[in-house]
Amino acid sequence: MGCPSCSRSLWLSALAVAAALASAAAGAQQLSPGFYDATCPALQATVRRGVARAVRREPRMGASILRLFFHDCFVNVIKPFRGVDRADGCDASVLLDDVPGNFAGEKNAGPNANSLRGYEVIDSIKAQVEASCKSTVSCADILALAARDAVNLVSHSWTVPLGRRDARNTSAGAANANLPPPDASLATLLSTFRGKGLDARDLTALSGAHTVGRARCAVFRSHIYNDTAINASFAAELRASGVCPFTGGDGNLAPLELQAPDAFDNGYFRDLVTRRVLLRSDQALYGGGGNDTTDALVLAYAANATAFAVVFAAAMVRMGSIAPADGSVGEVRLNCRRVN
Ligand code: HEM
Ligand SMILES: *[C@@H]1O[C@H](CO)[C@@H](O)[C@H](O)[C@H]1NC(C)=O
Ligand SMILES: *[C@@H]1O[C@H](CO)[C@@H](O)[C@H](O)[C@H]1NC(C)=O
Ligand SMILES: *[C@@H]1O[C@H](CO)[C@@H](O)[C@H](O)[C@H]1NC(C)=O
Ligand SMILES: *[C@@H]1O[C@H](CO)[C@@H](O)[C@H](O)[C@H]1NC(C)=O
Ligand SMILES: *[C@@H]1O[C@H](CO)[C@@H](O)[C@H](O)[C@H]1NC(C)=O
């Protein structure tokens, strides 16, 4: 399962690439893997145990936590580029609960409401971390480690640079403005990712996260009923299966990748080549005639699981370095759901 062809040396070279990119991307923010070595030596084991327990209870939870991290990192309130000196990007802003009448955060924004999940897993890990390392580890770093472990449990790994601070503010509007919609065109996807300092390679590899997890009928209905850039027999099967009727059933779930929806493999890219994916935004990466660059990357990852594993690891480190803050900016939240 996962990445059977990953030899140890390839796996190590993935880590080396990730570390090099991390130091290039981190720049002034000075995230570093050893940030808590002295102050919270049990951190990585605690997070790993918490994620493992959650995934054992429900295999889909690994996918949900991975997505939670993506939705945290992509929401920039202050500036669209990394290198800012304030908490932003990967800042645990997504974890803040709304305060009715006072504060409308990201959780109930369009892309997140009734969709994003895993908050209680992060809460439970945070409580365990607080028990041994009081007021030390940011929620943003716990989420970054949890996302890595969620993938690592079924596939390859990478080293997570640490030292992020937690945001003291955010908004639903920022989430609506920053997260790409499921009907996004390739041009929109490329420009959204470029706005975060991520290129076509990052976009294509990170989209491979859709090799795990589930999507609701509401977000893939138009693709299976209305699009021509879809495998006709695949669309017909889905329509006939009743999982996504033309009207109603908005919350019904289907796996984003059909063969092995909980395995972190390269199946998603093979499905893109045969046009058997759920989201219009996914299919936009391949075969639309729009961009040879993403077409070539999809073919490469479809043919070579290790190539995908290596680039995905590096891209996760880059995504995890979107405008984090260090030093005295922001705070280390005591409870991930509210500011101190
Ligand atoms: C490229 C632009 C992207 C778009 C338009 C997009 C869109 C979506 C949508 C619409 C869903 C289903 C949500 C629902 O039905 O409620 C979904 C699920 C998911 N996305 Fe993405 N996504 C993108 C990129 C990413 C990235 C970069 C990651 C992580 C690195 C990611 C990880 C996931 C995962 C793991 C799920 C399944 C979650 C679960 O089962 O709980 N996505 N995405
Ligand atoms: C939080 O952001 C909102 C709107 O973006 C702003 O009105 C409010 O003053 C901010 N609160 C703090 C504490 O910065
Ligand atoms: C399909 O497209 C038609 C015409 O644009 C539109 O009226 C209809 O609502 C769409 N149906 C779905 C399921 O997206
Ligand atoms: C549609 O899916 C079938 C079954 O996987 C495959 O044999 C066929 O080549 C696909 N069609 C296209 C246009 O990719
Ligand atoms: C495809 O995307 C790449 C990366 O963004 C870009 O350099 C290239 O010019 C694009 N090609 C076309 C035909 O749009
Ligand atoms: C698969 O990708 C890895 C990593 O990029 C590369 O070293 C290896 O040679 C590739 N394997 C094949 C069969 O092309």
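Start at 1 and go down the list; that is how both ligands and their atoms are numbered.
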Notebook entry, point to check: What do you reckon, is CG of N340 surrounded by more than 12 foreign heavy atoms closer than 6.0 Å?
Noted result: yes
Margin query: According to a hydrophobic-cluster definition based on side-chain heavy atoms being under 4.5 Å apart (Ile, Leu, Val, Met, Phe, Trp, Tyr only), do L297 and F193 belong together?
Written below: yes
Between [X] and [Y], is there a side-chain N and carboxylate O pair less than 4.0 Å apart?
| X | Y | answer |
| --- | --- | --- |
| D262 | R214 | yes |
| D250 | R216 | no |
| R164 | D141 | yes |
| R337 | D123 | yes |

Item checked: Distance-only side-chain donor-acceptor flag, T170 / E106, under 3.5 Å -> yes
Check: Have R148 and Q44 got a donor and an acceptor in their side chains that come within less than 3.5 Å?
Finding: yes
Checklist line | R221: numbered ligand 3 atoms lying under 4.0 Å from its heavy atoms | finding: 13 (C)
Note to self: Under a 4.0 angstrom heavy-atom cut-off, which atoms of ligand 3 come close to S222?
What the structure shows: 14 (O)
Next item on the list: Could you tell me whether the side chain of T211 and the main chain of D265 form a donor-acceptor pair under 3.5 Å?
Entry: yes
Note to self: Between R276 (side chain only) and L258 (backbone N and O only), is there a donor and an acceptor less than 3.5 Å apart?
What the structure shows: no
Check: List by chain and number: which residues place a heavy atom under 4.0 Å from ligand 4?
Finding: N231, T274, R276
Please produce the table of protein N or O atoms sitting under 3.5 Å from N or O atoms belonging to ligand 1, one pair a line, distance to 0.1 Å.
residue	atom	partner	partner atom	Å
ligand 1	15 (O)	R216	N	2.6
ligand 1	15 (O)	R216	NE	3.3
ligand 1	16 (O)	S115	OG	2.4
ligand 1	16 (O)	R216	NE	2.6
ligand 1	16 (O)	R216	NH2	3.2
ligand 1	20 (N)	H210	NE2	2.9
ligand 1	22 (N)	H210	NE2	2.9
ligand 1	40 (O)	R60	NE	2.8
ligand 1	40 (O)	R60	NH2	3.3
ligand 1	40 (O)	R214	N	2.8
ligand 1	41 (O)	R60	NE	3.3
ligand 1	41 (O)	R60	NH2	3.1
ligand 1	41 (O)	S64	OG	2.6
ligand 1	42 (N)	H210	NE2	2.9
ligand 1	43 (N)	H210	NE2	3.0

Next item on the list: Assign the ring pair F312 / F264 to parallel, tilted or perpendicular, where the plane angle (0 to 90°) is split at 30° and 60°.
Entry: tilted
Next item on the list: Report yes if some N/O of N226 lies less than 3.5 Å from some N/O of ligand 3; otherwise report no.
Entry: yes
